[in-house]
There are 2 protein chains.
Amino acid sequence: VDAGHRDVPVVAIVGRSGSGKTTLLERLIPVLRRRGRKVAVAKHSHHAFDLDPSGKDSRRLAEAGADVVAFSSPEQLVVMQRASAAITLDEVIARHLGKVDIVLVEGYRELPIPKIEVLADGAAPLCSRDTLLGVVGMDSPGLPVPRFDPADVEGLAEFLDRVLSVRRA
Amino acid sequence: VDAGHRDVPVVAIVGRSGSGKTTLLERLIPVLRRRGRKVAVAKHSHHAFDLDPSGKDSRRLAEAGADVVAFSSPEQLVVMQRASAAITLDEVIARHLGKVDIVLVEGYRELPIPKIEVLADGAAPLCSRDTLLGVVGMDSPGLPVPRFDPADVEGLAEFLDRVLSVRRA
């Protein structure tokens with residue numbers, strides 16, 4: 001995984017559990033869209049999730065053993081695929097997320113992707129310094145990377161735009 | 001749309017609302033899998049659906065405006081994509097369902113795909129005769145196509161295997 005060799009720039013949002021990664025994504029996505037970017041999100045979880053616990057058709061068909069179930073409506077397409085082996089982020093991006101301007105990743109903390117870390121007050125970053133692009137939090141104890149206030153989502157979006165355009169050049 | 005020009009055979013399961021299309025699919029899929037087939041299902045709905053009404057992350061990220069949200073776990077991959085225009089069945093198959101042995105379609109009744117129709121007792125088929133491969137029901141009033149008892153899912157699977165192998169040759 002190397003952002004420099006992709007067609008689409010990839011940035012991971014990392015942080016301890018409960019640090020507010022999803023909330024940051026939820027606020028960052030509309031700002032990036034207002035700036036004209038098409039945005040994809042890839043989220044990884046180590047445990048199985050249950051998108052549709054209600055016994056609806058999607059679940060019935062997946063449980064019947066379909067390898068892939070695709071639901072389409074005029075407004076959305078949902079594709080559910082059983083994984084025989086772990087699916088890598090590269091595969092997810094190559095197959096499903098190629099046609100956007102930026103892929104924001106939540107999870108996959110171990111991969112050498114450029115990262116923005118959401119920090120609790122005074123906490124040291126979890127991720128290794130060589131992939132850390134910046135931090136979001138109230139203070140950044142001695143870190144040589146830009147810090148963004150949690151309220152300054154515009155500033156973070158502008159920074160991401162700038163960094164990504166350099167990386168793509 | 002023409003099954004003869006696809007890499008993967010496509011058969012639609014059609015029938016009136018409440019005729020038991022999803023139940024038939026639910027029973028047919030494991031039989032086809034036991035016969036060694038990889039199976040995909042494509043389902044179309046004219047109204048928006050709500051896979052995840054619980055305020056979970058998937059919904060939060062989609063509502064924030066992400067064009068695509070991909071969730072992966074060791075067991076499955078779920079990709080949710082906003083549609084700007086209606087997505088055709090051809091596009092769904094080409095992008096997402098190519099690597100299976102058969103695509104079973106529910107909905108898309110208007111497309112000229114080979115069809116199996118689930119019939120209520122004594123009812124005439126909904127779909128045009130020239131794409132009708134067979135019917136499932138307790139009787140088939142004067143139809144020149146094979147009829148399968150709703151309980152005979154093995155028979156239907158064997159028939160599909162045979163028809164599809166002819167069409168692929």
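The chains referred to below are lettered A, B, ... by the order of the sequence lines, with proteins before strands, and numbering in each begins at 1.
Legend: residues meeting ring pair (Phe, Tyr, Trp, His ring centres under 6.0 Å) with A/H44, ordered by chain and number and at least two apart, are A/H46, A/Y108. Under the rule for a salt bridge (Lys or Arg N to Asp or Glu O under 4.0 Å), the partners of B/R35 that lie at least two apart in sequence or sit in another chain are B/D161.
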CA sep, side-chain torsions, deciding dist, call: A/E75, B/R82, side chain to side chain contact (heavy atoms under 4.5 Å, CB included):
CA-CA 6 Å; A/E75 283 158 44; B/R82 294 194 309 143; over 6 Å; no

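Note on B/Q81, B/R27, B/E63: by heavy-atom pairs under 4.5 Å with chain A, the leading option is B/Q81.
Closest approach of A/A64 to B/P30, counting heavy atoms only: O-CD, 3.5 Å. Here the closest heavy-atom approach between residue B/A83 and residue A/P74 is recorded as CB-O, 3.7 Å.
Residues B/T22 and A/L61 have side chains in contact (heavy-atom distance under 4.5 Å, counting atoms from C-beta outward). In this structure the side chain of A/H96 reaches within 4.5 angstrom of the side chain of B/H96, judged on heavy atoms. Looking at A/R60 and B/E26, their side chains come closer than 4.5 Å, going by heavy atoms from C-beta outward.
At a threshold of 4.5 Å between side-chain heavy atoms, the hydrophobic network of Ile, Leu, Val, Met, Phe, Trp and Tyr places B/V69 and A/V39 in one connected group. Hydrophobic cluster membership is shared by B/V11 and B/L32, with clusters built from Ile, Leu, Val, Met, Phe, Trp and Tyr side chains linked at under 4.5 angstrom. By the rule that hydrophobic residues join a cluster once side-chain heavy atoms approach within less than 4.5 Å of another member, B/V31 and B/L104 end up as members of one cluster. Note: the hydrophobic cluster containing B/F159 also contains B/L28 (ILVMFWY, side chain heavy atoms under 4.5 Å, direct or indirect links). B/L160 is not connected to B/V14 by any chain of hydrophobic side-chain contacts under 4.5 Å among Ile, Leu, Val, Met, Phe, Trp and Tyr, and they are in different clusters.
When atom types are taken as modelled, the side chain of B/D67 and the backbone of A/K38 share no donor-acceptor pair closer than 3.5 angstrom. The backbone N or O of A/G65 lies less than 3.5 Å from a partner atom in the side chain of B/R33, making a donor-acceptor pair.
The residue from A/V92, A/L97, A/V41 that alone fulfils the side chain to side chain contact (heavy atoms under 4.5 Å, CB included) condition with B/V68 is A/L97.
Atom CZ of A/F71 is separated from atom CD of B/E106 by 8.0 Å, given to the nearest 0.5 angstrom.
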